[in-house]
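By convention in this document, chain letters (A, B, ...) are assigned in the order of the sequence lines, proteins followed by strands, and residues within each chain are numbered from 1.
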There are 2 protein chains.
Amino acid sequence: MKTQEAGSGLRERKKQRTRDALLRSALELFTTKGYDRTTVDEIAEAVDVSQRTFFRYFTSKEETAFAVQDMVESRFIAILRERPAAESPFEALRAAVLDAWDTLGESIEEVVPVELHMRTYQMIESTPSLIAVHLRRSTEVEEEIARVIAEREGLDVETDPRPRVTVAAFSGVMRLAGRLWGAGEDISVESIRAVTESYLDQLGPVLAGKWRAK
Amino acid sequence: MKTQEAGSGLRERKKQRTRDALLRSALELFTTKGYDRTTVDEIAEAVDVSQRTFFRYFTSKEETAFAVQDMVESRFIAILRERPAAESPFEALRAAVLDAWDTLGESIEEVVPVELHMRTYQMIESTPSLIAVHLRRSTEVEEEIARVIAEREGLDVETDPRPRVTVAAFSGVMRLAGRLWGAGEDISVESIRAVTESYLDQLGPVLAGKWRAK
DNA sequence: TGTCAACTGTCAGTCGCTGTCATTAGCCTC
DNA sequence: GAGGCTAATGACAGCGACTGACAGTTGACA
C-alpha cells in the first residue's frame with residue numbers, strides 16, 4: 001500500500017531500500033525452501049539487519065507473504081470503480097478481474113518481478129497456514145467489494161444483502177480458480193486468467209440448474 | 001471425529017474423560033476470556049495434566065476450537081448423502097444444511113452442550129486467527145461436498161468443474177451467513193438457521209440479475 | 001504377580017513475536 | 001560544521017505455542 005513514494009531524504013530512501021530488500025529476500029526464501037522452513041532470523045540475516053528490525057517493518061512473518069497481494073487487491077478495487085454503471089454487478093466484477101490480470105505488471109513490477117509474485121502466489125496456495133490467512137484476507141476484500149457494488153447500485157450494504165450475496169458467490173468461484181491454478185503446473189499469468197474466466201462463465205448456468213448444457 | 005466410542009477398558013475410558021475434560025475446559029475458557037488470552041497452560045492446569053499431555057490429545061490449541069465443528073460437518077455430509085437423487089444439487093445442499101441445523105443436538109449433546117458450541121462458533125467468527133483457520137477448514141469440507149455432488153450427478157470432479165463451482169457459490173453464501181450471524185446478538189440455533197435459509201434463497205435471483213424483485 | 005506397553009511428566013530447546021533500553025546516525029539549527 | 005534532536009537500530013530478556021528426548025507411572029494381560 002505504502003510501498004511506493006520516492007522519498008526525499010536519505011533516511012527515507014534507506015528505509016525504502018531496507019523494506020524492499022527484506023520483502024524480496026523473504027519471498028525468495030519462501031519460494032525456494034518453503035515458508036515454514038524459513039525463519040525470520042534467516043530473512044533478517046540475508047539483509048543484514050537484526051530480527052527486531054524485521055518486525056519493525058513487518059508486523060509478522062505472514063505480512064511479507066501478502067505485501068504484494070495487497071497492492072494487487074487495491075488495484076482491482078480501483079479498476080472495479082471505473083467500470084461503467086451500465087454493466088450488471090456481476091459483469092463489472094468479471095471485467096475488473098480480467099483487466100487486473102491483464103495489467104498486473106504495471107502495478108507490481110517496480111517492487112517485485114511478476115514471476116516472483118506468481119511463485120509466491122502458488123506457494124501461498126500450497127501452504128496450509130498461509131491458505132488460512134489468504135482466505136481471511138479475501139473476506140476482508142470481499143467486504144470492500146460489496147460496498148463498491150452497493151454504491152454502484154445505490155443500495156445500502158447493511159440493509160440489503162444482495163451485494164454481499166453476489167460478491168460471496170463471485171469470490172467463492174475466484175478462490176476456487178486460485179486454488180486449482182495453484183495445484184497445477186502452469187505458473188503463468190495467462191493460465192490463471194484463463195481459469196478464472198472460464199469458471200466465472202459457468203456460475204450462472206450452473207446455478208440455474210443447466211447441468212446438461214454443453 | 002473419533003470422539004465417541006464408549007471404550008471398553010479402564011484405560012480407554014480414562015483417556016476419553018481426559019480428552020473431553022480438556023475440550024470442555026478449553027471451550028469454556030475460550031468463550032469466557034477469549035481465545036488469545038487463554039494459554040495452553042491454563043487449559044492443562046484446569047484439567048490437572050501437564051501441558052505436554054494436552055499436546056498429546058490435540059495437535060494444536062486451534063484444534064480444540066474446531067473439534068466440535070468437525071463432528072457437525074461430518075454429520076452434514078452424511079445427511080447430504082441421504083438426499084433424494086431427484087433434487088438438484090443446489091436443492092439437496094440447501095435441504096441438508098437446514099436439516100443439519102434442525103438436528104444439531106443429536107450429533108453434539110453427548111460431548112458438549114449445544115449452547116457452549118454456539119458460543120464457541122460465535123467466538124470463532126469474532127477471532128481473526130480462528131476465522132482464518134475456519135475458512136481453510138471450510139474449503140476442505142467444500143472439496144468433500146463437491147465429491148458427493150459429483151457422485152450424485154454421475155460426474156467426475158477432476159474433469160467437470162460444475163460440482164465445485166456450485167459448491168463454491170453455495171459455500172460462499174454459507175460463510176456469509178455465518179459471519180453475519182456471528183456479528184449479531186442472537187446466539188440461538190434458530191437464528192442462524194433463519195439467516196442461512198433466507199440468504200440461500202436469494203442466490204439464484206441475485207445472480208440472474210433480478211435485483212429489482214421484491 | 002510380574003512383565004510389557006501405553007500414558008504421562010519433566011526438561012530443554014526452537015521459533016514467532018514483544019517490551020525495554022542503550023546506541024547509532026540522519027537531520028536541522030545556529 | 002559542531003552540537004542537539006529524534007528516528008532507526010541493535011542487543012537482550014521474556015512469553016507462549018509447540019517438539020523431542022528421557023524417565024517414571026500405571027493399566028493390560030499372561
Side-chain angles (χ1 to χ4, degrees), chain A residues 2-3 5-23 25-27 29-30 33-67 123-124 127-133 136, chain B residues 2-3 5-23 25-27 29-30 33-67 124 127-130 132-133 136:
Chain A
K2 50 176 175 182
T3 319
E5 297 146 40
S8 39
L10 167 60
R11 200 176 230 155
E12 284 306 310
R13 268 177 287 135
K14 218 170 173 181
K15 271 174 65 179
Q16 191 60 49
R17 243 182 295 143
T18 306
R19 198 196 133 94
D20 287 355
L22 281 171
L23 185 51
S25 296
L27 298 188
L29 283 166
F30 292 165
K33 44 184 298 191
Y35 179 79
D36 293 325
R37 277 180 300 282
T38 303
T39 68
V40 174
D41 282 317
E42 288 173 322
I43 302 170
E45 199 174 353
V47 183
D48 206 55
V49 295
S50 70
Q51 193 222 48
R52 195 66 184 85
T53 294
F54 171 92
F55 282 109
R56 286 190 177 109
Y57 282 94
F58 300 95
T59 60
S60 66
K61 183 178 159 186
E62 282 167 15
E63 198 184 311
T64 58
F66 292 98
M123 177 220 94
I124 291 172
T127 305
S129 57
L130 291 184
I131 293 177
V133 179
R136 188 198 48 195
Chain B
K2 50 177 177 180
T3 318
E5 297 144 40
S8 37
L10 166 61
R11 197 172 237 159
E12 284 305 310
R13 267 176 287 135
K14 219 171 172 181
K15 269 173 64 180
Q16 190 61 48
R17 243 182 295 141
T18 306
R19 197 195 132 94
D20 287 354
L22 280 171
L23 185 51
S25 297
L27 298 188
L29 284 166
F30 292 165
K33 45 185 295 191
Y35 180 77
D36 293 326
R37 277 180 300 280
T38 304
T39 69
V40 174
D41 282 317
E42 287 172 322
I43 303 170
E45 200 174 352
V47 184
D48 206 55
V49 295
S50 71
Q51 192 221 49
R52 196 65 183 87
T53 294
F54 171 91
F55 282 110
R56 285 189 178 109
Y57 281 94
F58 300 95
T59 60
S60 65
K61 182 179 161 187
E62 283 166 14
E63 198 184 310
T64 58
F66 293 98
I124 290 172
T127 307
S129 58
L130 291 183
V133 179
R136 188 198 47 197

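Contact annotation for B:S129: no contact, since no heavy-atom pair falls under 4.0 Å across all strands. Residue contacts for B:F58: at a heavy-atom cut-off of 4.0 Å it reaches no nucleic acid atom on any strand shown.
Judged by atom type and distance alone, B:R37 does not reach the base of D:dG16 through any side-chain donor-acceptor pair under 3.5 Å. With hydrogens and angles ignored, no donor-acceptor pair closer than 3.5 Å exists between the side chain of B:R13 and the base of D:dG27.
In this structure, the side chain of B:S60 engages the main chain of B:E63 through a donor-acceptor pair within 3.5 Å. Between the side chain of A:K61 and the backbone N or O of A:Y35 there is at least one donor-acceptor pair closer than 3.5 Å. Judged by distance alone, the side chain of A:T53 and the main-chain N or O of A:V49 form no donor-acceptor pair under 3.5 Å. Judged by distance alone, the side chain of A:E42 and the main-chain N or O of A:T39 form a donor-acceptor pair under 3.5 Å.
Separating the CZ atom of B:R17 from the P atom of D:dG27 is a distance of 10 Å, rounded to the nearest angstrom. Whole-Å rounding puts the B:E62 CD to D:dC18 P distance at 7 Å. Taking atom CZ on B:R19 and atom P on C:dC7, their separation rounds to 14 Å, with Å as the unit. For the pair A:Y57 OH and D:dA7 C1', the computed distance is 10 Å after rounding to whole Å. Straight-line distance from the NZ atom of A:K61 to the P atom of C:dT14: 16 Å, rounded to whole Å. Computed from coordinates, the B:E45 CD to C:dG9 P distance equals 13 Å when rounded to whole Å. When rounded to the nearest whole Å, the span between CG of B:L22 and P of C:dC7 equals 14 Å. Look at CZ on B:F55: it is 15 Å from C1' on C:dG9, rounded to the nearest Å.
In this structure, OG1 in A:T64 is found 9.5 Å from CZ in A:R19, a value given to the nearest 0.5 Å. Atom CD1 in A:I124 sits 9.5 Å away from atom CZ in A:F30 (nearest 0.5 Å). With rounding to the nearest 0.5 angstrom, the OH atom of B:Y57 is 12.5 Å from the CG atom of B:L23. The distance from the OG1 atom of A:T38 to the CE atom of A:M123 is 8.5 Å, given to the nearest 0.5 Å. Atom CD1 in A:I131 sits 14.5 Å away from atom CZ in A:R136 (nearest 0.5 Å). Of the inter-residue distances, the one linking A:E62 atom CD with A:T127 atom OG1 reads 11.5 Å to the nearest 0.5 angstrom.
Counting heavy atoms from C-beta on, the side chains of B:F55 and B:V40 come closer than 4.5 Å.
The end-to-end axis angle of the helix from C:dT1-D:dA30 to C:dC30-D:dG1, rounded to 10 degrees and based on five pairs per end, is 0°.
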Quiz item: Is there a side chain to side chain contact (heavy atoms under 4.5 Å, CB included) between A:L130 and A:F66 once you walk through the steps?
Solution: CA-CA 9 Å; A:L130 291 184; A:F66 292 98; 3.9 Å; yes
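Interface residues of residues 46-53 of chain A facing DNA chain C, ordered by number: A:Q51, A:R52; criterion, heavy-atom separation under 4.0 Å.
Residues A:R56 and A:T38 each lie close to DNA chain C; by heavy-atom proximity, the contact nearer the 5' end of the strand is made by A:T38.
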Quiz item: What does nucleotides 25-30 of chain C look like as a protein-contact string, B for base, S for sugar-phosphate only, - for none, at under 4.0 angstrom between heavy atoms?
Solution: -BS---
